[in-house]
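This report refers to the structure that appears directly beneath it.
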Amino acid sequence: MTVRVRFAPSPTGHLHVGNLRTALYNWLFARQNQGIFVLRIEDTDLTRSHSRFEEELMEDLRWSGLDWDEGVDVGGEHGPYRQTNRLNLYQEHCKQLLSEEKAYHCFCSVEAIEQERQAQLATGQPPRYSGKCRDIPPQEASQRVRDGKAAVVRMKSRQGIVTFQDIVFGSLEVEGSEIGDFVLLRSDGTAPYNFACVVDDVLMKITHVIRGEGHISNTYRQVLLYEALGFQLPHFAHLSTILGRDGTKLSKRHGATSIDEFRRQGFLPGALLNYLALLGWAPPQEGREILTPEQLSAEFDLSRVNRSPAAFDWDKLNWVNRSHLKELGQPLLTELAIPYLQDCGWIPPEPSAEIKEWLGDVIQAVFKYLDKVEDVVQETELIFSFDPGKGLSDPAVQEALSENGAVEVIREFHDRVQRHQILDLETYKGVVSEVKERTGQKGKNLFHPIRVALTARISGPELNQLIPIFEEGQHLDLPAPITPVKGRVQAVLDHLHDYLRNQPGN
RNA sequence: GGCCCCAUCGUCUAGUGGCCUAGGACGCCGCCCUCUCAAGGCGGUAACACGGGUUCAAAUCCCGUUGGGGCUACCA
């Protein structure tokens, strides 16, 4: 039998990391079994659902690389795939349950039920629908409905153990009397989650229901529905919740949680998926955690998924993403980085081939240090936006300058640099050895001041890589020209003189 | 309140009664490399929530306690 799984989000907001992990586990399971992955939109909550969210949701999912075989946009044999387009199916099945007296009309008002609930809560009883309308004779109920009385349809729950096997949690059960008579059809004719879900899963021939842990208690109700409708139970697998770093439920205050935010920050979809897969599951081979979606689907094992909730860890996500970024290689990363640099106004909207080639060198110099593509901005700021005033005001830079001989190195470096027409890498190296000879400084005491002279910072990419970038960059047609070596040293020295003049005792 | 679920290093996890003086990964710390910060390499720190059982033997099985999560909707 073909494995059929589904991801069934509600279009009530952005796609969330928790949802994406659920989608991923479904996808992984489908792919490793040559199965079908269905995307179903659960939009029966009319007040919260928006078609705008449906679009965003699919966009996020497409970006992630999880592709679906059936769904609202791609169609399929078991459509429609949007629940609001399936209301007739729910009504049909509801009619069946009604005629078999497995369900009944309930005429209690929302207010009355709320009152009942409060009263039960107040006396310490479990709040459940009393079943008041259960005993209204079906004929009388039908007549009342025909007369236009507002009514919902409720399921008759039963006594006795309700149980099912869960691939992740094992055998799960609850006493039937714990389950109240839940609503199958609302007064407006739409179906709430539990009923719509079961009808759809049956009709869409879903073999494995893989969803969030929060649905375990819904599953008991759904088992009742499968029984009443006379359908065979699918396999169930429930996934634990993703928690924030502090162990509470993941939310906005833990940082980004919606997928579009991760995309904007420059996380690679494959890396996000890789990390999410690791949240609740471990690859069989220890120490081999960086995996592509294809490798994941080959090694993934649903029955080995962890039951306990997992905390979302940014440090590890960053590491996973960095690893994927390195795998990607410089040319592709350059393409990804361009939009971020354009946003800063550093790169023209349509960079020339010459600029792109130079950019390749820029990316080459920094790409090992990027956790996410977005980081390219702060890593390359010293190239595109040279600001000695700001740089020299940094206490750490000032401390480096206060080292014995530091200023002398900069002056000497400045003088030597001025003597050369072109400053390619070889010339630069020659200049450095001259400075070394004249000042007697070496190692850190030599290079630290030179770094400050060139970047007004004490840390950054290798100077040897930076020199050609500065020199070649100055000839490029960029929105703001790249300051070449001479200009940089001159500017730093000017600021330095101002700075020294203002230092009492100097 | 009731019901259900969960509990191994700071975090993600391996572990399915002896292979566990508990393994790996991220982080952290140290060393090496090095012009800097990183990156990279090497090494180190660090956990079976607690209390009872069962057993020759328990991280692994059972019970309880504590702590977390979920459900208890005409939300999903």
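In this text the structure is predicted, and so the values were computed from the model without any measurement. Numbers restart at 1 for each chain; the letters A, B, ... are given by sequence-line order, proteins then strands.
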### Task
Sticking with atom P, work out how far B:A14 lies from B:C9, rounded to a whole angstrom.
13 Å
### Task
Looking at every strand, decide which applies to A:L279 at a 4.0 Å heavy-atom threshold: base, sugar-phosphate, or nothing.
sugar-phosphate
### Message
Less than 4.5 Å apart, side chain to side chain, heavy atoms only: is that true for A:E289 and A:V320?
### Response
no
### Message
Output the rounded distance in Å from CD (A:E54) to P (B:A76).
### Response
15 Å
### Task
Rounded to the nearest angstrom, tell me the gap between atom CG in A:D313 and atom P in B:C9.
14 Å
### Task
When you get a sec, tell me which of B:A76, B:U36, B:G24 is the closest nucleotide to the side chain of A:Y193?
B:A76
### Task
Using Watson-Crick or G-U wobble geometry with both distances below 3.5 Å, tell me the partner of B:A59, or none.
none
### Query
Any side-chain heavy atom of A:Y275 sitting closer than 4.5 Å to one from A:N321?
no
### Query
Is there a side-chain contact between A:F386 and A:F470, using heavy atoms and a 4.5 Å cut-off?
no
### Task
Using only side-chain N and O atoms of A:R307, determine if any of them is under 4.0 Å from OP1 or OP2 of B:U8.
no
### Summary
Checking B:C12, B:U36, B:C4 against the side chain of A:A311 (C-beta onward), the nearest is B:C12
### Task
Looking at every strand, decide which applies to A:G460 at a 4.0 Å heavy-atom threshold: base, sugar-phosphate, or nothing.
base
### Query
Taking only side-chain nitrogens and oxygens of A:R128, does any of them come within less than 4.0 Å of OP1 or OP2 of B:G2?
no
### Task
Return the value, rounded to whole Å, for the distance between atom CZ of A:R322 and atom C1' of B:C37.
14 Å
### Task
Name the nucleic acid region contacted by A:E42, choosing base, sugar-phosphate or nothing; use a 4.0 angstrom heavy-atom cut-off, strictly under.
sugar-phosphate
#### Entry: A:N318 CG - B:G27 P separation (whole Å)
9 Å
#### Entry: Contact residues, residues 368-377 of chain A to RNA chain B [heavy atom, < 4.0 Å]
A:K368, A:Y369
### Gap in Å between the two C1' atoms, one belonging to B:C74 and one to B:G69, rounded
26 Å
### Message
Determine whether A:Y193 and A:H215 satisfy the following criterion, ring pair (Phe, Tyr, Trp, His ring centres under 6.0 Å), listing intermediate values before the conclusion.
### Response
CA-CA 10 Å; A:Y193 174 73; A:H215 287 297; 4.8 Å; yes
### Task
Give one of base, sugar-phosphate or nothing for A:R117, where a contact means two heavy atoms less than 4.0 Å apart.
sugar-phosphate
### Query
Are A:R416 and A:E437 within salt-bridge range, i.e. N to O under 4.0 Å?
no
### Task
Please determine, for B:C26, whether a Watson-Crick or G-U wobble partner exists with both distances under 3.5 Å, and give it or none.
B:G10
### Query
Base, sugar-phosphate, or nothing: which does A:S187 touch, judged by heavy atoms less than 4.0 Å apart?
base
#### Entry: Carboxylate-amine/guanidinium proximity below 4.0 Å for A:R6 and A:D201
yes
### Task
Indicate, with a heavy-atom threshold strictly under 4.0 Å, whether A:V183 touches base, sugar-phosphate, or nothing.
sugar-phosphate
### Task
Please list, by residue number, the residues of residues 211-223 of chain A whose heavy atoms come closer than 4.0 Å to an atom of RNA chain B; answer none if no residue qualifies.
A:E213, A:G214, A:H215, A:S217, A:N218, A:Y220, A:R221
### Summary
note: A:I161, atom CD1; B:C3, atom C1'; distance rounded to Å ~ 12 Å
### Message
Suppose we call a contact any N or O donor and acceptor under 3.5 Å apart; does that hold for the side chain of A:S240 and the base of B:C6?
### Response
no
### Query
Could you give the CD-to-C1' distance, from A:E289 to B:U13, as a whole number of Å?
8 Å
### Task
Report yes if at least one side-chain N or O of A:K316 is closer than 4.0 Å to OP1 or OP2 of B:U13; otherwise report no.
no
#### Entry: Nearest-angstrom distance from the residue atom CD1 of A:I179 to P of B:G70
20 Å
#### Entry: Result of checking A:R134, A:R154, A:K102 against A:D181 for salt bridge (charged side-chain N to carboxylate O under 4.0 Å, His left out)
A:R134
### Query
Contact class for A:P461 (heavy atom, under 4.0 Å): base, sugar-phosphate, or nothing?
base
### Message
Does A:L463 reach a base, just sugar-phosphate, or nothing at all? Heavy atoms under 4.0 Å.
### Response
base
### From B:A76, B:C74, B:A7, nucleotide with atom closest to A:S308 side chain
B:A7
### Message
Given B:G24, B:C74, B:C6, identify the nucleotide with an atom nearest to the side chain of A:E286.
### Response
B:G24
### Base partner of B:C71, which must satisfy Watson-Crick or wobble distances under 3.5 Å
B:G2
### Positions of residues 297-306 of chain A (non-hydrogen atom under 4.0 Å from RNA chain B), listed by number
A:R304, A:N306
### Query
Taking the side chain as C-beta and beyond, is there a heavy-atom pair between A:K372 and A:Y340 under 4.5 Å?
no
### Message
Do A:L268 and A:L336 have side chains that approach each other closer than 4.5 Å (heavy atoms only, starting at C-beta)?
### Response
yes
### Summary
Separation of B:U13 atom C1' from A:N274 atom CG, nearest Å, is 14 Å
### Task
Check whether any side-chain heavy atom of A:V17 sits under 4.5 Å from a side-chain heavy atom of A:I259, and report yes or no.
yes
### Task
Would you please indicate if the ring centroids of A:Y25 and A:F300 are separated by under 6.0 Å?
yes
